[in-house]
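To start, the structure under review is shown below, and the notes come after it.
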Amino acid sequence: MTERKINAFAYMQRISELLANVVTDELDAIRGAGRICAEVIDDDGMIYVFGTGHSHMLAEEGHYRAGGLACVCPILASSLMLHEGAATSTGLERQSGLAQVILSRYAIGGNDVVIVFSNSGINAVPIEAESYARMRGARTIAVLSRDYAETRKAPNAATIADNADIVIDNHLPPGDALVPVSEGRAMGAGSTTLGAFILNAIFAEALGQVRNLDAAPIYISANMPDAKTHNARLVERYRARNPHL
């Protein structure tokens with residue numbers, strides 16, 4: 001009987017390798033992204049996070065959570081998520097013209113930054129979201145797999161990396177699946193894990209660069225002492241600028 005390989009270990013090993021690659025190669029970009037976010041925090045601006053498909057989870061990763069920044073606002077559109085129709089959302093994220101409709105609901109301006117996640121970096125909605133944010137005067141941070149984008153984009157086609165102020169490569173391979181399981185087939189996505197790692201690294205770096213750390217708007221876990229009063233003040237402060245509170 002042929003001994004089967006331990007796929008769980010293979011997946012964990014690949015994730016560990018990719019995390020190490022990000023730490024080694026993307027630290028300067030992450031520090032630059034943190035610097036922009038620190039300036040936004042100091043200027044009482046907003047940090048918007050956007051992604052389509054599974055990348056929308058990274059917008060929610062930064063929203064209203066323990067140890068998170070209250071000035072983070074997710075850009076959410078249910079038609080571009082998965083719960084109302086996964087196949088439909090896959091088609092919609094490739095359609096031109098939707099990004100402006102979605103982002104225009106948010107008061108994005110010159111004191112803000114928009115972080116756009118798109119693993120392939122080539123779909124129309126994320127590209128146009130980054131462009132729209134710049135048109136509104138916001139700075140932009142793009143997180144993608146450069147290898148995926150360069151492999152799959154058409155000649156001379158755009159990616160979310162083309163005009164962003166900061167570009168961070170998650171180092172994932174084209175297709176995202178990390179563990180070969182049979183001839184021509186692989187499983188085990190890494191973009192959510194790498195994306196959450198990068199996003200929280202950016203925020204951690206931002207808090208290392210703000211002018212007044214004591215005034216930084218950080219949520220406390222709801223199960224910690226004094227959290228209810230502390231978090232309520234932050235929700236009241238940002239409710240008008242974050243429709244998801």
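By convention here, the first residue in the shown sequence is residue 1. No hydrogens, no waters, no symmetry mates; every other heavy atom, side chains included, goes into these values.
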Checking Glu61 side chain against Leu199 main chain: does a donor-acceptor pair fall under 3.5 Å? no
Nearest heavy-atom approach of His63 to Leu245 is CE1-CD2, 3.9 Å
Considering non-hydrogen atoms only, spot the tightest contact between Ala29 and Ile166 and give its length. O-CG2, 3.4 Å
Where do Ala149 and Thr159 come nearest, in terms of heavy atoms and distance? CB-CG2, 4.1 Å
Hey, is the main chain of Tyr238 close enough, under 3.5 Å, to the side chain of Asn242 for a donor-acceptor pair? no
Gap separating the CG atom of Leu234 from the OG1 atom of Thr229, nearest 0.5 angstrom: 11.0 Å
Glu150: which residues meet the side-chain hydrogen bond (donor to acceptor under 3.5 Å, both in side chains) condition with it, sequence neighbours left out? none
With sequence neighbours excluded, residues passing side-chain contact (heavy atoms from CB on, under 4.5 Å) with Ile160: Val116, Ser118, Pro126, Ile127, Ala142, Leu144
Determine the minimum heavy-atom distance between Val167 and Ala161, stating which atoms define it. CG2-O, 3.5 Å
Contact list for residues 124-173, test ring pair (Phe, Tyr, Trp, His ring centres under 6.0 Å), sequence neighbours left out: none
Please check if atom CE in Met187 has more than 12 non-hydrogen atoms from other residues, nucleotides or ligands closer than 6.0 Å. no
Atom pairs and distances, donor-acceptor, side-chain atoms in residues 173-184, under 3.5 Å, two or more places apart:
from, atom 1, to, atom 2, distance (Å)
Asp176, OD1, Gly190, N, 2.9
Asp176, OD1, Ser191, N, 3.2
Asp176, OD2, Ser191, OG, 2.7
Ser182, OG, Arg185, NE, 2.9
Ser182, OG, Arg185, NH2, 3.3

Taking ring pair (Phe, Tyr, Trp, His ring centres under 6.0 Å) as the definition, give me every residue that meets it alongside His244, ordered by chain and number, with sequence neighbours left out. Tyr106
Please list all pairs passing the salt bridge (charged side-chain N to carboxylate O under 4.0 Å, His left out) test where one or both residues lie in residues 157-175, with sequence neighbours left out. none
Starting from Met46, can I reach Ile75 by hopping between I/L/V/M/F/W/Y residues whose side chains sit under 4.5 Å apart? yes
The complete set of salt bridge (charged side-chain N to carboxylate O under 4.0 Å, His left out) pairs with one or both residues in residues 37-49, sequence neighbours excluded, reads Glu39-Arg139, Asp42-Arg211, Asp44-Arg237, Asp44-Arg241
Working to the nearest 0.5 angstrom, can you tell me the gap between Met12 CE and Leu19 CG? 13.0 Å
Has Arg105 got a side-chain atom pairing as donor or acceptor with Leu76's backbone, closer than 3.5 angstrom? yes
Counting distance only, does the side-chain N/O of Ser104 pair as donor-acceptor with the main-chain N or O of Val101 below 3.5 Å? yes
May I ask you to test the Ile218-Leu207 pair for a side-chain heavy-atom distance under 4.5 Å? yes
Ring pair (Phe, Tyr, Trp, His ring centres under 6.0 Å) with Tyr219: which residues, sequence neighbours excluded? Tyr64
For Thr193, give me all partners under side-chain contact (heavy atoms from CB on, under 4.5 Å), at least two apart in sequence or on another chain. Tyr11, Ile15
Say you draw a straight line from CZ of Arg136 to CG of Leu103; how long is it, rounded to the nearest 0.5 Å? 8.5 Å
Minimum side-chain heavy-atom gap Cys73-Ile47 below 4.5 Å: no
Selection residues 191-209 - residue pairs positive for salt bridge (charged side-chain N to carboxylate O under 4.0 Å, His left out), sequence neighbours left out: Arg31-Glu205
Taking only residues two or more places apart in sequence, or in another chain, which ones meet Asn212 in a side-chain contact (heavy atoms from CB on, under 4.5 Å)? Asp214, Ala215
Scanning both residues in full, the closest heavy-atom pair of Ala129 with Ala99 reads N-CB, 3.5 Å
So, Asn170 and Glu26: side-chain donor and acceptor under 3.5 Å apart, yes or no? no
Within the structure provided, determine whether Thr52 and Phe117 are in side-chain contact (heavy-atom separation under 4.5 Å). no
Is Glu17 salt-bridged to Arg14, cutoff N-O under 4.0 Å? yes
Kindly say whether Gly109 contributes a backbone atom to a donor-acceptor pair with the side chain of Asp112 at under 3.5 angstrom? yes
Tyr48, Phe50: one ILVMFWY side-chain cluster at the under-4.5 Å cut-off? yes
Treat each ILVMFWY residue as a node, draw an edge where side-chain heavy atoms are under 4.5 Å apart, and state whether Leu27 and Val143 are in one component. no
Which ILVMFWY residues can you reach from Ile220 by hopping between side chains whose heavy atoms are under 4.5 Å apart? Met224
Is it the case that one hydrophobic cluster holds both Val72 and Ile108, taking links as side-chain heavy atoms less than 4.5 Å apart, direct or via other members? no
Check whether Val40 and Phe203 end up in the same hydrophobic cluster, where Ile, Leu, Val, Met, Phe, Trp and Tyr are linked by side-chain heavy atoms less than 4.5 Å apart. yes
So which heavy atom on Cys37 is nearest to which on Val113, and how close? SG-CG1, 4.1 Å
